[in-house]
Amino acid sequence: MEERTRAYLRGRFGDHYRRTEPSLPPGADEREWGYIPWTAGPGTTMVRHSSLLDLGDLGDFLYRERPRHVYFSAGRYADPGASTMDDKEWQRSDLVFDLDADHLPGVDPDADSYAEMLTTCKAELLDLLDLLERDFGFEDTTIVFSGGRGYHVHVRDDGVQHLDRDQRREVVDYVRAADLEFDSLVETETVAGIGLKNPTEKRTLPTDGGWGRRVHDHLVSFVDELLALDEATAMERLQEFDGIGSGKAEGALTAARNNRREIEAGNVDVHPAFYQLAKILAADVFEDQTAAVDEPVTTDTHRLIRLPGSLHGGSALRVTRIERDEVDEFDPLVDAVPETFVGHDVTVELREPATVELLDETFTLSAGNVSVPEYVANFLMARGRAEKGKE
């Protein structure tokens, strides 16, 4: 990035901070604060180990320093401004989840557009929120668009504040369904009834919560879908699964028809073919309902995370807090565009052709000097795809 580009962005970031009031996290004065300035060179230098007392009024600090990135710690400390982690004296920490589009299964950063990657990441966010709310019962959550490639979720329920790294890793393993297999969910009980010479074993799925309930809900839903079809169509549907031929399909269908009530109660032992079907459907649940969170972020009790309301120096988009009931409608390429950068055009020098989707418009740009809305120009410059042109 050339000096004139860096100076321009730094100035405009300052204009943004002059117009906006930052939102402090709970216990802001117990947290460590850090930022990355607009320094020259290919690397970035984090300025950290500061308390809010060291920075002074946050709004004044942001306007004065005009940083490239701004962070605060998930952890709370007795002395957040101490120069070493031991001297800070850790007290507790939020449970933070990070979803990064670049790291999601099915995303190809070289082939997918920025908009496509963010759409995939939002679907992953919805899965994560469903897990945190339904399976863990968390209530005190803050949802944030990172301003870059994904989303952050801060959980501040009292029950998570003192979890250590290993306990946080267990939460991550659950959310990612790490090494989870269908057989490990199944509960086996011995059944001995009147007239039975030898006791038998019955395998059931727990229906009261967790991954067992999730698999069971999907299984029952599929059974109802199956029973609504005519026999020929139902047989075809079953044989779409690998390992299910006509014989197993017939057995599974007959078991589903004759044992709907038992299946609803969690019984997956109504027929060997049905058990195999349940195992296949469980694999779909583990793939579709998990969330590929970044484990090091969640397990790190000292992690620095982006400040909502600040600007992301790699996109010039706003790190945006999202209310829970607005997540479905949230569009980062519209709602995270800073108003400060809307309303006039600037000239940039594009190194190569570019396509940008922002504020419900698609800009297809040729290489060379181009005049574009400033929010597009700042996005391209922040991402290293353009330099500030001469007006």
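Being a predicted model, the structure only gives us computed values, none of them experimental. In what follows, residues are counted from 1 in the order of the sequence shown.
- Sequence neighbours left out, the pairs with a member in residues 110-130 that pass salt bridge (charged side-chain N to carboxylate O under 4.0 Å, His left out) are D130-R134, D130-R214.
- The structure places OG of S310 at 7.5 Å from CG of L62, a figure rounded to the nearest 0.5 Å.
- Contacts of A255 classified as side chain to side chain contact (heavy atoms under 4.5 Å, CB included), with partners at least two apart in sequence or in another chain: N259, V270, H271, F274.
- Between the side chain of Y375 and the backbone N or O of L317 there is no donor-acceptor pair closer than 3.5 Å.
- A heavy-atom distance below 4.5 Å is found between the side chains of H49 and M85.
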Run the numbers on F182 and L205 for side chain to side chain contact (heavy atoms under 4.5 Å, CB included), then give the verdict.
CA-CA 9 Å; F182 176 71; L205 270 175; 3.9 Å; yes
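- Partners of R168 under the side chain to side chain donor-acceptor pair (under 3.5 Å) rule, at least two apart in sequence or in another chain, do not exist in this structure.
- With sequence neighbours left out, the salt bridge (charged side-chain N to carboxylate O under 4.0 Å, His left out) criterion links R156 to D94.
- Counting only heavy atoms from C-beta outward, the side chains of H69 and H312 approach each other to under 4.5 Å.
- Of the residues N267, D269, D183, the one that meets the side-chain hydrogen bond (donor to acceptor under 3.5 Å, both in side chains) test with Y275 is D183.
- Remark: the backbone N or O of P338 is not paired with any side-chain donor or acceptor of T340 at under 3.5 angstrom.
- Proximity of a side-chain donor or acceptor of R6 to a complementary backbone N or O of M1 within less than 3.5 Å is detected.
- Shown are Q91, H302, E30, E32; of these, the side-chain hydrogen bond (donor to acceptor under 3.5 Å, both in side chains) with Y77 is made only by H302.
- Under the 4.5 Å side-chain contact rule for hydrophobic residues, V268 and L226 share a cluster.
- Side-chain atoms of H216 come within 3.5 Å of backbone atoms of E264 as a donor-acceptor pair (strictly under, hydrogens ignored).
- Ion pairing of E387 with R351 is present here, as a side-chain N (NZ or NE/NH1/NH2) and a carboxylate O approach within less than 4.0 Å.
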Using the ring-ring contact (aromatic ring centres under 6.0 Å, His included) rule, take F13 and W38 through it: C-alpha gap first, then chi angles, then the decisive distance, then the call.
CA-CA 10 Å; F13 273 41; W38 289 94; 5.1 Å; yes
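- In this structure, the side chain of K88 engages the main chain of P80 through a donor-acceptor pair within 3.5 Å.
- Looking at L277 and L238, their side chains come closer than 4.5 Å, going by heavy atoms from C-beta outward.
- Residues E262 and K202 are not paired through a salt bridge, judged by the lack of any N-O separation under 4.0 Å between the basic side chain and the carboxylate.
- Aromatic rings from F379 and F363 are positioned such that their centres are separated by 6.0 Å or more.
- Under the rule for a side chain to side chain contact (heavy atoms under 4.5 Å, CB included), the partners of R303 that lie at least two apart in sequence or sit in another chain are P296, V297, D300.
- Hydrophobic clustering (ILVMFWY, side-chain heavy atoms < 4.5 Å, transitive): L58 and L304 are in distinct clusters.
- Checked by atom type and distance alone, the side chain of D173 never pairs as donor or acceptor with a backbone atom of A178 at under 3.5 Å.
- V215 places a side-chain heavy atom less than 4.5 Å from the side chain of F286.
- The environment of CZ in F330 is crowded: more than 12 heavy-atom neighbours from other residues, nucleotides or ligands sit within 6.0 Å.
- Every pair passing side chain to side chain donor-acceptor pair (under 3.5 Å) that includes a residue from residues 323-333 is listed here, sequence neighbours excluded: E133-R324.
- No donor-acceptor pair closer than 3.5 Å links the side chain of Q289 to the backbone N or O of V285.
- A distance-only check finds a donor-acceptor pair linking the side chain of T298 to the backbone of V96 [under 3.5 Å].
- Partners of E295 by salt bridge (charged side-chain N to carboxylate O under 4.0 Å, His left out), not counting sequence neighbours, listed by chain and number: R169.
- Counting only residues at least two apart or in different chains, salt bridge (charged side-chain N to carboxylate O under 4.0 Å, His left out) contacts with residues 221-248 comprise D224-R260, E225-R237, E231-R257, R237-E240.
- At least one donor-acceptor pair under 3.5 Å links the side chain of Y17 to the backbone N or O of L311.
- Put simply, the residue from I305, I36, V319 that forms a side chain to side chain contact (heavy atoms under 4.5 Å, CB included) with Y71 is I36.
- Partners of E287 by salt bridge (charged side-chain N to carboxylate O under 4.0 Å, His left out), not counting sequence neighbours: none found.
- Take R18 and apply the salt bridge (charged side-chain N to carboxylate O under 4.0 Å, His left out) test, not counting sequence neighbours, and it matches D15.
- A side chain to side chain donor-acceptor pair (under 3.5 Å) check over residues 51-61, counting only residues at least two apart or in different chains, returns the pairs S51-D54.
- Relative orientation of the F341 and H16 rings is tilted, given thresholds of 30° and 60° on the angle between their planes.
- A distance-only check finds no donor-acceptor pair linking the side chain of R68 to the backbone of T39 [under 3.5 Å].
- Between T290 and W211, some side-chain heavy-atom pair lies under the 4.5 Å cut-off.
- Partners of A115 according to the side chain to side chain contact (heavy atoms under 4.5 Å, CB included) rule, which considers only residues two or more places apart in sequence or in another chain, are S113, L333, E357.
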